[in-house]
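Excluded from the calculations below are hydrogen atoms, water molecules and symmetry mates; all remaining heavy atoms, backbone and side chain alike, are included.
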Amino acid sequence: MKILALDSSGLVASVAIMEDDNLVAEYTMNYKKTHSQTLLPMLDELKKAVQLDLESIDAIAVAAGPGSFTGLRIGSATAKGLGLALDKPLIGIPTTEALAYNLYGTDEDTLICPIMDARRSQVYTGVYCFQNGQLQTLKAQDALPMDALLDELNQMGKKVIFLGDGVPVFCEKIQEMCQVPYLFAPGHVSRQRAGAVAALGEIYYRQGKIESAREHQPDYLRVSQAERERAQRLKKSQNV
């Protein structure tokens with residue numbers, strides 16, 4: 001089985017190829033350029049480096065959200081375009097699940113808590129742990145205030161590892177409010193990686209969790225700032 005994986009859900013752009021549980025290649029960039037400038041050139045470089053024939057892949061795994069609205073649209077459009085052109089299925093991977101999978105092998109008494117900055121003092125998050133080598137979802141991904149998340153984690157009463165681009169934003173609040181033992185994941189596993197998307201993509205593929213390129217839609221979890229502002233303007237106009 002050969003999986004092409006894409007992740008542009010956050011600040012990081014990442015592309016990977018996995019074949020039969022072997023990570024053949026991964027190209028990850030956390031720099032200032034926009035994903036529209038980087039994602040396809042990165043894929044092209046990777047394809048050349050490993051002499052990949054895109055026709056040989058079995059499916060395309062893509063980080064399906066939540067995350068940056070623009071980044072998700074770019075990743076989704078790229079995956080859909082490739083899926084349609086190659087007639088290959090897509091595998092939508094929840095972003096926070098892929099982040100949690102970076103910490104594979106963590107003991108079952110440790111909670112894994114990805115946090116992505118969702119602005120307005122909120123995070124995109126979920127709570128996970130590993131049991132017998134399997135990733136378990138204890139709290140499905142959601143958008144909620146950081147204070148509320150920390151309250152829930154305190155009630156769970158277990159050690160927590162935080163990771164994601166929300167860590168530098170909320171580290172002081174975590175230090176202030178977290179009443180359970182906690183750690184921050186080191187940099188090499190603290191951000192999105194297409195390799196984790198690909199690894200979960202193989203699992204999802206075997207479970208039959210695939211969709212056509214036409215069916216795929218990113219999971220934003222909440223409306224965009226532009227949509228919120230438009231709704232507010234409409235409400236004001238109706239009240240005039």
Non-hydrogen side-chain atoms of Met18 and Glu202 separated by less than 4.5 Å: yes

Distance alone, cut at 3.5 Å: any donor-acceptor contact between the side chains of Ser68 and Thr70? no

Any side-chain heavy-atom pair of Phe184 and Ile161 under 4.5 Å: no

Cluster overlap Leu99 with Ile3, hydrophobic side-chain contacts below 4.5 Å: yes

Keeping the roles fixed (side chain from Asp53, backbone from Glu55), state whether a donor-acceptor pair exists under 3.5 Å. yes

Nearest-0.5 Å distance, CD of residue Glu108 to OG1 of residue Thr106: 11.5 Å

Tell me whether Leu39 is reachable from Ile60 by hopping between hydrophobic residues (I, L, V, M, F, W, Y) whose side-chain heavy atoms are closer than 4.5 Å. yes

Any idea which heavy atoms bring Leu72 and Gly67 closest together, and the distance? CD1-N, 3.6 Å

Answer yes when Arg206 and Asp58 have at least one side-chain N-carboxylate O distance shorter than 4.0 Å, and no when they do not. no

Step by step, would you call Tyr128 with Phe130 a ring pair (Phe, Tyr, Trp, His ring centres under 6.0 Å)? CA-CA 7 Å; Tyr128 305 88; Phe130 281 95; 8.9 Å; no

Counting heavy atoms not belonging to Arg214, are there more than 12 under 6.0 Å from its CZ? no

Without swapping roles, check the side chain of Lys88 against the backbone of Ser56 for a donor-acceptor pair under 3.5 Å. no

Where Ile93 and Ala98 come nearest, the two heavy atoms and their spacing: CG2-CB, 4.0 Å

Spatial distance of atom CD (Glu45) from atom CE (Met42) [nearest 0.5 Å]: 10.0 Å

Show, in sequence, the C-alpha distance, side-chain angles and deciding distance for Tyr101 and Val197, and conclude whether the side-chain contact (heavy atoms from CB on, under 4.5 Å) test is met. CA-CA 8 Å; Tyr101 209 69; Val197 175; over 6 Å; no

I need the Asp142 CG to Gln122 CD distance, nearest 0.5 Å. 9.0 Å

Are any non-hydrogen side-chain atoms of Val12 and Asp7 less than 4.5 angstrom apart? no

Please check if the side chain of Ser14 supplies one atom and the backbone of Arg193 the other of a donor-acceptor pair under 3.5 Å. no

So, Asn154 side chain and Leu150 main chain: donor-acceptor pair closer than 3.5 Å or not? yes

Output for pair (Met1 CE, Asn22 CG), nearest 0.5 Å, gives 13.5 Å

Given side chains that start at C-beta, do those of Lys139 and Glu152 come closer than 4.5 Å, heavy atoms only? yes

Any chance CD of Gln207 has more than 12 other-residue heavy atoms, nucleotides or ligands included, within less than 6.0 Å? yes

Are Leu82 and Val50 co-members of a hydrophobic cluster defined by side-chain heavy atoms under 4.5 Å apart? yes

To the nearest 0.5 Å, atom OH of Tyr124 lies from atom OG of Ser9 at 10.5 Å

Verify, without hydrogens or angle tests, whether Asn102 (side chain) and Ala196 (backbone) share a donor-acceptor contact under 3.5 angstrom. no

Which pair of heavy atoms, one from Ala13 and one from His35, lies closest together, and at what distance? CB-ND1, 3.4 Å

Measure the shortest side-chain to side-chain distance between Ile74 and Thr78 over non-hydrogen atoms and say whether it is less than 4.5 angstrom. yes

Which of these, Thr38, Leu43, Thr28, sits in a side-chain contact (heavy atoms from CB on, under 4.5 Å) with Val15? Leu43

Which atom of Pro218 lies closest to which atom of Ser76, heavy atoms considered: CD-OG, 3.5 Å

Check: Gln37 side chain, Thr34 main-chain N or O, donor-acceptor pair, under 3.5 Å: yes

CA sep, side-chain torsions, deciding dist, call: Val123, Leu149, side-chain contact (heavy atoms from CB on, under 4.5 Å): CA-CA 9 Å; Val123 289; Leu149 172 62; 4.0 Å; yes

Can you tell me how far apart CE (Met116) and OG1 (Thr96) are? Round to the nearest 0.5 Å. 8.5 Å

Check for a donor-acceptor pair, side chain of Ser8 on one end and backbone N or O of Gly75 on the other, with a separation under 3.5 Å. yes

Flag side-chain contact, heavy atom, 4.5 Å: Leu4 against Leu54: yes

Would you say Thr110 and Asp107 are linked by a side-chain donor-acceptor pair, where the criterion is simply a distance under 3.5 Å? yes

Taking every non-hydrogen atom, the tightest pair across Glu26 and Ala194: OE2-N, 3.4 Å

Do Ile112 and Leu183 sit in the same hydrophobic cluster, where Ile, Leu, Val, Met, Phe, Trp and Tyr count as joined when their side-chain heavy atoms come under 4.5 Å apart? yes

Carefully, step by step, assess Leu11 and Gln192 under the rule side-chain contact (heavy atoms from CB on, under 4.5 Å). CA-CA 8 Å; Leu11 300 175; Gln192 285 88 342; over 6 Å; no

Are His216 and Val62 packed together at the side-chain level, in the sense that at least one heavy-atom pair is separated by less than 4.5 angstrom? yes

Sidechain-backbone polar pair: Glu215 side chain, Ser212 backbone, donor-acceptor under 3.5 Å: yes

Of all heavy-atom pairs linking Pro66 and Thr95, the shortest is O-OG1, 2.9 Å

Salt bridge (charged side-chain N to carboxylate O under 4.0 Å, His left out) between Asp20 and Lys2: does it pass, once the steps are laid out? CA-CA 7 Å; Asp20 297 330; Lys2 188 180 294 184; over 6 Å; no

Please check: side-chain N/O of Thr125 versus main-chain N/O of Pro114, any donor-acceptor pairing under 3.5 Å? yes

Joint hydrophobic cluster, Leu200 plus Ile91, side-chain heavy atoms closer than 4.5 Å: yes

Show, in sequence, the C-alpha distance, side-chain angles and deciding distance for Arg73 and Tyr220, and conclude whether the side-chain contact (heavy atoms from CB on, under 4.5 Å) test is met. CA-CA 10 Å; Arg73 282 192 287 267; Tyr220 298 112; 2.9 Å; yes

Should Asp219 and Leu221 count as side-chain neighbours, where that means a heavy-atom distance under 4.5 Å? yes

